[in-house]
Amino acid sequence: MKEPPLRRKLTRAFAWLDLAITLPLAIPFVGEWAITLLYRLDYALGWYTGFPVLNPVSMLFIHVTGLLGVVWALARLHDPSEYNARIDSLGRLAVSVLILLALYQGATPAIGLFLVTELSGVIVEKIWRPKNSNELAFGKYNGRIR
C-alpha cells in the first residue's frame, strides 16, 4: 500500500524538529549551553528549580542521548515510512513517561515543553495512520528490510 504524502511529510517534519532539538545536545560545549538555556527559562518563569551540577559523566550521557536523537531523526528523514513513524510513536511514549518521572522527581517544569512535543508526535501519528491499518504499533513485518 502506498503511503499518503501528508503522512510522510509529517514524519519528516517531526524528524526535523527532533534534529533541531537533539543536535545541540550531541555537540560538546553546545550541549551544556542548551541545558543552561533551559534553566534560564526556568528562572525567567519564576520557578527557580536550581541548576544541577553538570559533571563530565552527566555531559557524556547528555551527548550520547543527543547523538542517538540525531541518528534517529536522520533515519526518519531518509525513510519516513509508516513503520518508522510507529516506532517513533512508541519511543515518544517512552520518553513522555521518563519526562513525567523527572517532573515528579523535581526537575524543572520547563521540560514540560518537551512533553508537549513528544505527545504531539504520538497524536499526529495516530490521526494520520492509514484507515485500513489496524495492526499493533509495529505493523505487519513482512521479513524484508526496506
Side-chain angles (χ1 to χ4, degrees), residues 1-45 47 49 51-52 54 56-105 107-146:
M1 178 178 90
K2 187 165 171 70
E3 293 180 41
L6 179 60
R7 169 186 254 297
R8 295 178 67 82
K9 286 179 184 176
L10 288 169
T11 300
R12 277 200 173 105
F14 274 96
W16 279 113
L17 174 66
D18 290 345
L19 187 62
I21 291 171
T22 58
L23 183 60
L25 298 175
I27 302 170
F29 306 108
V30 178
E32 188 172 49
W33 173 79
I35 300 297
T36 302
L37 282 179
L38 187 65
Y39 278 90
R40 285 189 179 174
L41 175 63
D42 175 273
Y43 282 17
L45 294 173
W47 292 322
T49 304
F51 191 81
L54 297 176
V57 174
S58 299
M59 290 311 302
L60 169 68
F61 282 103
I62 288 170
H63 295 319
V64 168
T65 302
L67 184 60
L68 292 172
V70 166
V71 169
W72 178 238
L74 292 174
R76 286 178 294 133
L77 286 171
H78 174 72
D79 181 18
S81 65
E82 179 181 351
Y83 181 79
N84 282 346
R86 288 179 177 210
I87 293 172
D88 185 58
S89 190
L90 287 175
R92 287 180 182 282
L93 284 173
V95 169
S96 296
V97 169
L98 293 174
I99 292 171
L100 288 170
L101 177 63
L103 288 168
Y104 175 77
Q105 292 174 335
T108 172
I111 65 172
L113 295 170
F114 297 108
L115 184 61
V116 170
T117 64
E118 297 301 323
L119 292 176
S120 300
V122 172
I123 292 166
V124 166
E125 194 279 328
K126 182 69 176 167
I127 290 172
W128 274 279
R129 182 176 292 168
K131 299 287 187 249
N132 62 351
S133 182
N134 59 3
E135 303 90 20
L136 295 175
F138 284 111
K140 292 182 180 174
Y141 178 65
N142 61 10
R144 294 186 317 220
I145 297 176
R146 300 171 207 210

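These numbers come from a predicted model, not from an experiment.
Across all non-hydrogen atoms, the minimal contact from Pro52 to Tyr39 is CD-CZ, 3.4 Å. Summarising the geometry of Pro24 relative to Ala20, their closest heavy-atom pair is CD-O, 3.1 Å, with the distance given to 0.1 Å. Pairing each heavy atom of Leu38 with each of Ala110, the nearest pair is CD1-CB, 3.7 Å. The two residues Gly31 and Met59 come nearest to each other via the heavy atoms C-CE, 4.0 Å. The two atoms that bring Arg7 and Ala85 nearest to each other are NH1-CB, 3.2 Å, heavy atoms only. In plain terms, the two heavy atoms of Asp18 and Arg76 that are nearest each other are OD2-NH2, 2.6 Å.
Under a 3.5 Å cut-off, the side chain of Asp42 and the backbone N or O of Thr49 do form a donor-acceptor pair.
Counting only heavy atoms from C-beta outward, the side chains of Thr22 and Trp72 never approach each other to under 4.5 Å. Annotation: side chain of Val70 is not in contact with side chain of Leu25 (no heavy-atom distance under 4.5 Å). A 4.5 Å side-chain heavy-atom check between Leu77 and Leu74 finds at least one atom pair inside the cut-off. Leu41 places none of its side-chain heavy atoms less than 4.5 Å from the side chain of Leu37.
With rounding to the nearest 0.5 angstrom, the OG atom of Ser89 is 12.0 Å from the CG atom of Asn84. Atom-to-atom distance recorded for Tyr43:OH and Thr36:OG1 is 11.0 Å, nearest 0.5 angstrom. Taken to the nearest 0.5 Å, the CZ atom of Arg12 stands 8.5 Å off from the CG atom of Asp79. Between Leu98 atom CG and Leu103 atom CG the span is 11.0 Å, to the nearest 0.5 Å. From Glu118, atom CD reaches atom CG of Leu17 across 8.5 Å, with rounding to the nearest 0.5 Å. Taken to the nearest 0.5 Å, the OG atom of Ser58 stands 10.5 Å off from the NE2 atom of His63.
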Could you walk me through whether Phe51 and Thr108 pass the side-chain contact (heavy atoms from CB on, under 4.5 Å) test, one step at a time? CA-CA 9 Å; Phe51 191 81; Thr108 172; over 6 Å; no
Check the pair Thr117, Leu113 against side-chain contact (heavy atoms from CB on, under 4.5 Å), reporting the backbone distance first and the verdict last. CA-CA 7 Å; Thr117 64; Leu113 295 170; over 6 Å; no
Apply side-chain contact (heavy atoms from CB on, under 4.5 Å) to the pair Arg92 and Asp88, showing each step before the final yes or no. CA-CA 6 Å; Arg92 287 180 182 282; Asp88 185 58; 2.8 Å; yes
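Environment of CH2 in Trp47: crowded, with over 12 heavy atoms of neighbouring residues, nucleotides or ligands closer than 6.0 Å.
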